[in-house]
Amino acid sequence: MPHPEFILTLSCKDQRGIVQRVSGFLADHGCNIIDSAQFGDAQAEQFFMRVYFALEDAGVSEEKLRGGFAELAQSMDMDWQLNDAARKPRVLIMVSKIGHCLNDLLFRYKSGLLPVEIVAIVSNHTDFYQLAASYNIPFHHFPLMAGASAEAKRAQEQKVVELVDANRVDLVVLARYMQILSKEMCDALRGRAINIHHSFLPSFKGAKPYYQAHERGVKLIGATAHFVTSDLDEGPIIEQDVARVDHAMGPETLTAIGRDVECVVLARAVKWFVEHRILVNGHKTVIFR
């Protein structure tokens, strides 16, 4: 019978002895470390660590493991999480009328490339209800048109939050969801919502970034996956990638190339999140690949 496996992530003020105390605790509780990574940010004086381990002592329960580590974490003022490696995080995807990222995520999910459970797809349009049905995933149409009143926006967002809570969602993915979330919505989803921005941030924010890039004659275009915050397109960056372009390419060609990059960048960000590889470091992220 295989041993249960866990992923421990933590951050705290950098200090001597962190790795020794963490590894010693795990050894003392019958755990075998499979993979470990750590990073000390000298400027921020913060330490980050991810440990993937197996609990090999049948006499040690998960409850005992958590309780014991909580005491250690408190003594070192750690922020920490202990996740069951076998559990697939529950994901909700939001999309509007552009579906390449949605389609890519669904394919990766169905083919086993993304270790997730997609529990729902939410859209302010009906374009992708048949695609959702083909994957046997519930589709929720919550209309919200351009220029909607603040009251209508609050009501629509409340439905989304209720759906997130009812389905115990771990991650919300904005797969080209073309609505700006309210501050209240961003706060409700803090740390568990990822957006794909169709540009290489911080350049070319807002609408039609590929057209902006074309006007500037750029030689590289890219995409950025970042955490959602109430500061539009300013959340901690998780992943970015670029593609080389040239003067002969029009904005439509740039858009087509950019969409391929968006799919790859968003898929990486989602995979790293559900594998508990991302730790937030102020306005930045630490990614243990």
Side-chain angles (χ1 to χ4, degrees), residues 1-12 17-40 46-93 105-106 108-120 135-137 164-173 189-194 227 238 267-281 285-289:
M1 183 175 178
H3 300 294
E5 296 176 349
F6 298 89
I7 299 171
L8 170 68
T9 56
L10 62 92
S11 63
C12 63
I18 302 172
V19 174
Q20 185 274 330
R21 292 190 65 181
V22 171
S23 59
F25 170 88
L26 293 176
D28 291 343
H29 287 75
C31 301
N32 180 43
I33 294 175
I34 300 170
D35 178 72
S36 179
Q38 57 271 338
F39 170 69
Q46 288 291 305
F47 180 83
F48 304 86
M49 190 173 186
R50 177 185 186 271
V51 187
Y52 176 35
F53 65 90
L55 176 55
E56 297 181 347
D57 187 341
V60 179
S61 66
E62 180 181 345
E63 182 180 6
K64 182 178 179 181
L65 190 68
R66 288 182 181 275
F69 194 81
E71 295 178 7
L72 170 62
Q74 185 176 18
S75 72
M76 303 189 77
D77 196 22
M78 290 179 179
D79 289 325
W80 64 285
Q81 288 188 341
L82 182 64
N83 292 282
D84 184 343
R87 178 184 177 273
K88 293 183 178 181
R90 298 169 65 81
V91 174
L92 180 147
I93 302 176
L105 289 173
L106 291 176
R108 293 172 189 266
Y109 155 70
K110 191 67 172 181
S111 58
L113 297 174
L114 274 181
V116 300
E117 189 65 37
I118 299 179
V119 299
Y135 285 90
N136 198 30
I137 296 173
V164 167
D165 293 342
N167 285 276
R168 306 183 310 283
V169 169
D170 300 293
L171 175 65
V172 174
V173 180
L189 300 177
R190 181 175 297 278
R192 54 178 179 145
I194 292 175
F227 281 114
I238 300 169
R268 287 176 189 158
V270 171
K271 188 172 189 294
W272 293 340
F273 182 95
V274 300
E275 291 179 349
H276 312 290
R277 297 183 181 276
I278 307 170
L279 284 77
V280 175
N281 180 17
T285 57
V286 174
I287 312 290
F288 291 121
R289 303 187 185 182

Contacts of type side chain to side chain contact (heavy atoms under 4.5 Å, CB included), residue Asp165, not counting sequence neighbours = Val161, Arg192
Do Tyr109 and Glu117 come close enough that some side-chain heavy atom pair is under 4.5 Å?
-> yes
Any salt bridge between Asp57 and Lys64, counting N to O under 4.0 Å?
-> no
Taking side chain to side chain contact (heavy atoms under 4.5 Å, CB included) as the test, write out the residues that go with Asn167, two or more places apart.
-> Arg90, Val119, Leu163, Val169
Could you tell me which residues satisfy salt bridge (charged side-chain N to carboxylate O under 4.0 Å, His left out) with Asp35, sequence neighbours excluded, listed by chain and number?
-> Arg50
Between Phe273 and Ile238, is any pair of side-chain heavy atoms under 4.5 Å apart?
-> no
Glu5: partners by side chain to side chain contact (heavy atoms under 4.5 Å, CB included), with sequence neighbours left out | Ile34, Tyr52, Ala54, Ala85
Separation between CD1 of Ile33 and OG of Ser23, rounded to the nearest 0.5 Å = 5.5 Å
Would you say the side chain of Val116 lies within less than 4.5 Å of the side chain of Leu171, judging by non-hydrogen atoms?
-> no
Should Arg190 and Val280 be marked as a side-chain contact (heavy atoms from CB on, under 4.5 Å) after you check the CA-CA gap, both sets of side-chain angles, and the distance that decides it?
-> CA-CA 11 Å; Arg190 181 175 297 278; Val280 175; over 6 Å; no
Using distance only, find each side-chain donor-acceptor pair of residues 71-82 under 3.5 Å and give its atom names and separation, not counting sequence neighbours.
unit_1	atom_1	unit_2	atom_2	d
Ser75	OG	Arg21	NH2	3.3
Ser75	OG	Leu72	O	2.6

Indicate yes or no: at least one non-hydrogen side-chain atom of Ile118 is less than 4.5 angstrom from one of Tyr135.
-> no
Output the distance between atom CG (Leu113) and atom CG (Leu105), rounded to the nearest 0.5 Å.
-> 11.0 Å
To the nearest 0.5 Å, what is the distance between CD (Glu62) and CG (Asp84)?
-> 6.0 Å
Test Leu92 against every option in Val172, Leu189, Val173, Ile137 by the side chain to side chain contact (heavy atoms under 4.5 Å, CB included) rule and name the one that passes.
-> Val172
Minimum heavy-atom separation for Arg277 to Arg289, with atom names?
-> NH1-C, 3.4 Å
For Lys271, the side-chain hydrogen bond (donor to acceptor under 3.5 Å, both in side chains) test, sequence neighbours excluded, returns Glu275
In short, Ala269 meets Ile194 closest at the heavy-atom pair O-CD1, 3.9 Å
d(Leu26 CG, Leu55 CG) to nearest 0.5 Å is 9.5 Å
For Pro89 against Pro115, the heavy-atom pair lying closest together = CD-O, 3.5 Å
CZ-CZ distance between Phe48 and Phe288, expressed to the nearest 0.5 angstrom | 8.0 Å
Check whether any side-chain heavy atom of Leu279 sits under 4.5 Å from a side-chain heavy atom of Phe39, and report yes or no.
-> no
State the CZ-CG distance between Phe6 and Asn83, to the nearest 0.5 angstrom.
-> 10.0 Å
Check whether any side-chain heavy atom of Phe53 lies under 4.5 Å from a side-chain heavy atom of Leu65, and answer yes or no.
-> yes
